[in-house]
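The block underneath contains the structure these notes are about, expressed in structure tokens.
Please read all numbers here as calculations on a predicted model, not as lab measurements. Residue numbers count from 1 along this sequence. Counting convention: from 1, in listed order, for ligands and their atoms alike.
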Amino acid sequence: MIPSRGRCAFLVSICALAASTLLLPCLADDYAQQNITVTPGYKLLPGIASVPAPVRVAPDQDWMGIDGSWNTFSLLIGDPQENVRVFVSTASQQIWAVNRLACVSNVTDPSTGQVTQMNVLDSDCETSRGNLYNNTASDTWHTKGYYQLWLEKNLGLVGNGLYGFDTVGLGMAGEKGPSVQNTTIGTLVTPNFWLGHVGLHPKPTNFSAFEDPIPSYMTDLFTQKSIPSLSFGYTAGAQYHGQTVLASLTLGGYDTSRIIPNDLTFIFAPDNERDLVVGLVGLSATTASAQNVDLLKRDDVTMLIDSTVAELWLPVEICKAFEDAFGLKYDADTDLYLVNDTLHKTLVASNPTVTFTLGQKYSTDTTLQITLPYAAFDLQASPPYRGLQEKTSYFPIRRGNESSQWVLGRTFLQEAYLTVDWERQNFSVSAIDWTFGREANLTPIVSPAYAVQEYDPPKKPGLSTAAIIGIAVGGGFVFALTMCAIGWWFWRRRHKRNLEAIKAKYEAEAAAAAAAKKDATEKSDEPPTSPIHDSEEGTRVFPKAELPGDSAVHHEMGTDLKDKEPMVISEADNAERQIYEMPGDMPERQEAGGRQLSEKETMVVRERIYNGFDPNGTPDVSPMVEEPPRRLAPISPSEVTMVNSRLPSNTNVSPVTPRTPRDGAFLETSDTFFQLPPYRPPRDGRPAEDTLLSPISPLEGSTDTSRRRFSYES
Ligand SMILES: *[C@@H]1O[C@H](CO)[C@@H](O)[C@H](O)[C@H]1NC(C)=O
Ligand SMILES: *[C@@H]1O[C@H](CO)[C@@H](O)[C@H](O)[C@H]1NC(C)=O
Ligand SMILES: *[C@@H]1O[C@H](CO)[C@@H](O)[C@H](O)[C@H]1NC(C)=O
Ligand SMILES: *[C@@H]1O[C@H](CO)[C@@H](O)[C@H](O)[C@H]1NC(C)=O
Ligand SMILES: *[C@@H]1O[C@H](CO)[C@@H](O)[C@H](O)[C@H]1NC(C)=O
Ligand SMILES: *[C@@H]1O[C@H](CO)[C@@H](O)[C@H](O)[C@H]1NC(C)=O
Ligand SMILES: *[C@@H]1O[C@H](CO)[C@@H](O)[C@H](O)[C@H]1NC(C)=O
Ligand SMILES: *[C@@H]1O[C@H](CO)[C@@H](O)[C@H](O)[C@H]1NC(C)=O
């Protein structure tokens with residue numbers, strides 16, 4: 001029992017602790033930057049005592065969208081702060097918010113045609129689009145001008161926006177995250193993007209070729225020391241797993257509580273508009289009528305993981321395979337797979353599943369399976385999405401004519417967790433651990449600017465610390481035992497000699513006594529028995545105890561893993577399914593000529609149709625995205641020519657950024673291009689051999705080099 005005075009002090013300190021943890025942040029309502037000193041897997045560089053902690057961005061409770069229902073995140077923009085709801089874009093580097101103009105209209109008197117009320121706000125529109133941002137109401141807004149939105153132009157989602165700079169904070173009042181001052185904001189009215197987004201890409205924005213590139217939101221967060229690295233972990237959340245599971249966004253790390261870990265790491269493709277690319281190695285459906293229906297009607301499919309869009313944009317052949325497997329019907333008017341009530345009931349009752357097998361050719365043989373139940377595809381589209389007149393169920397796959405249109409959107413990220421390390425240029429995809437109620441467990445990813453990665457020592461006997469200690473202890477023990485044995489042998493020899501001497505003495509004395517007494521008939525012949533003498537023959541070998549068979553141990557581990565990780569990692573046994581070259585996959589960056597003009601024309605038409613934005617007011621420039629200077633030499637088409645000609649000194653056109661040996665070595669020359677990517681330590685004690693890279697077959701090595709270069713990253 002705690003004495004009463006001590007107990008009182010104890011209670012006071014508990015209260016103080018509670019107050020400081022619960023009340024103070026609420027009272028201050030400000031974000032407190034925190035640093036961490038413990039960085040598992042990373043060794044801080046000399047002179048660096050701590051690094052910023054990873055930031056968890058709290059999701060809202062809201063689910064929004066006209067192409068489904070998606071969990072949003074909050075941003076606080078401008079001064080006074082306006083709370084807007086946004087999605088997460090893994091492809092964008094900017095903050096986007098819906099401009100207030102998107103929901104205002106002039107009311108006209110139908111009889112006279114006269115405007116009776118000006119700029120009337122439609123509050124349903126305002127709510128539906130995640131709250132609006134009125135840039136003119138913000139004191140800290142600086143206008144830049146009208147520019148093309150650029151993002152998702154490959155999917156035909158074009159439009160323009162009023163760009164400027166303002167303060168953007170993550171989170172909402174009461175749960176504020178870090179904020180960035182004077183960051184790039186695109187404000188839009190086009191319904192092609194119904195809500196705004198927080199862009200997680202670190203590439204800068206070039207508004208024109210004559211201006212300095214403007215750092216991205218992520219880069220700003222990193223340089224102002226709010227996050228430990230340019231990296232993130234994200235999953236979209238889902239509402240269909242019995243209970244609602246909110247989205248999860250971590251900046252500068254990832255949340256281990258949400259994932260089933262695996263050993264597969266993907267390497268960036270060399271195009272910064274399409275870098276999070278995975279190979280689709282297998283695609284199968286299990287329906288009421290058939291198991292493992294193969295839907296992968298092409299073997300060259302590479303998919304961009306991009307949370308900006310909701311749907312899965314798949315090659316037309318694969319869409320047709322979906323039609324056959326699920327009884328879907330393509331609606332040419334909306335370009336959607338609309339699902340009527342009859343079909344919806346059938347699909348809900350049979351609950352088919354679709355399994356994606358992902359891999360990355362030339363980099364690894366390991367594959368990963370992500371399975372989506374029908375519930376993940378059971379989305380509802382609302383007007384004005386794709387010209388719909390009423391709310392309709394649809395199946396969120398879209399026809400992608402070209403490889404530049406193949407995208408795994410948010411639908412996929414309901415069942416997958418994406419972790420991206422922009423600095424080390426790799427990423428991983430994990431299946432979601434649907435165990436409810438687990439505490440968030442943020443694991444930092446630390447920038448190479450702060451730390452070097454520590455690799456687990458290879459799991460060979462004699463090299464691990466435990467083994468070394470074991471050997472040292474064992475060796476010492478054996479040595480001590482040997483010394484004891486030798487000592488014992490010497491001692492016993494001497495002891496024996498002493499005994500013999502005593503015995504001889506005794507016998508001599510006895511003989512002498514006998515002789516002296518002349519008692520010849522009663523003479524004793526028995527030698528004296530001593531226990532020591534007896535034990536001389538006593539070194540016995542006991543039957544060796546049987547060691548437990550190690551197969552049993554392995555078996556147990558195996559089932560344990562299986563229970564924890566259903567279907568996650570499987571070796572690709574069928575090599576044929578692995579081939580997925582991506583010929584001419586890279587969008588060619590053309591000169592500012594034709595393409596942009598035709599795009600602009602499309603945009604003009606669309607803007608007139610959709611929102612009456614005055615496209616003529618748009619300057620000729622578009623926010624061009626450029627490689628961030630920190631990127632380790634991504635291969636642009638011009639560089640490929642350069643590498644092909646093997647004249648690396650002739651690099652005036654596109655400066656080659658310094659390449660670190662580890663990450664960039666394989667990009668160096670065409671001969672070393674196919675070298676193995678950096679060694680990946682095994683996770684969870686699973687053997688690394690399974691996941692190491694397969695040698696490149698001579699066949700692949702003999703194909704056209706420029707092709708190879710592209711397909712490498714596929
Ligand atoms: C947090 O870490 C960064 C990077 O090491 C350092 O520059 C900064 O001073 C640290 N902040 C605090 C409050 O320790
Ligand atoms: C409403 O009318 C005013 C004046 O004609 C015009 O400037 C404004 O752009 C109109 N607003 C909309 C949303 O059409
Ligand atoms: C934006 O805010 C300003 C200043 O408060 C106001 O005058 C203007 O009408 C607002 N714009 C819209 C479109 O509501
Ligand atoms: C905000 O950033 C832009 C572009 O980097 C710059 O031109 C402008 O001067 C900055 N404004 C302030 C107030 O820092
Ligand atoms: C973006 O800016 C950088 C640095 O000023 C420049 O080298 C590059 O050419 C620009 N990119 C484009 C597409 O204009
Ligand atoms: C529902 O759609 C299916 C094809 O997707 C079609 O065969 C069926 O006739 C439709 N039913 C109704 C009632 O429209
Ligand atoms: C794909 O091609 C068809 C036919 O040419 C066209 O109607 C459709 O708009 C194209 N889709 C996209 C997304 O470009
Ligand atoms: C990136 O690669 C390193 C090793 O080079 C690995 O430790 C890390 O887990 C990878 N990151 C991701 C997000 O896969």
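Ring-plane geometry between F326 and F395 is classed as tilted, the angle between the planes lying from 30 to 60 degrees on a 0 to 90 degree scale. Taking the six-membered ring for Trp and thresholds of 30 and 60 degrees, Y147 and F207 have ring planes inclined between 30 and 60 degrees apart.
Set against the non-hydrogen atoms of T342, the atoms of ligand 6 under 4.0 Å away are 11 (N), 13 (C). Heavy-atom proximity to G327, at under 4.0 Å, picks out these atoms of ligand 6: 4 (C), 5 (O). Residue W313 approaches ligand 7 through these ligand atoms, each under 4.0 Å from one of its heavy atoms: 13 (C). For ligand 6, the atoms closer than 4.0 angstrom to any heavy atom of K329 are 4 (C), 5 (O).
Counting heavy atoms closer than 4.0 Å to ligand 7, residue Q405 contributes side-chain atoms (C-beta onward) but none from N, CA, C or O.
Protein heavy atom in closest approach to atom 4 (C) of ligand 7: N401 ND2, 4.5 Å. Atom 12 (C) of ligand 3 has as its closest protein heavy atom R100 CD, 3.2 Å.
Look at T136 and you'll find a heavy atom under 4.0 Å from some atom of ligand 3.
Around NZ of K144, the count of heavy atoms belonging to other residues, nucleotides or ligands within 6.0 Å exceeds 12. Crowding of N106 atom CG: a count of heavy atoms from other residues, nucleotides or ligands under 6.0 Å exceeding 12.
There is no protein heavy atom closer than 4.0 angstrom to atom 9 (O) of ligand 3.
Of the listed options V104, N134, N135, N134 places a heavy atom closest to atom 11 (N) of ligand 3.
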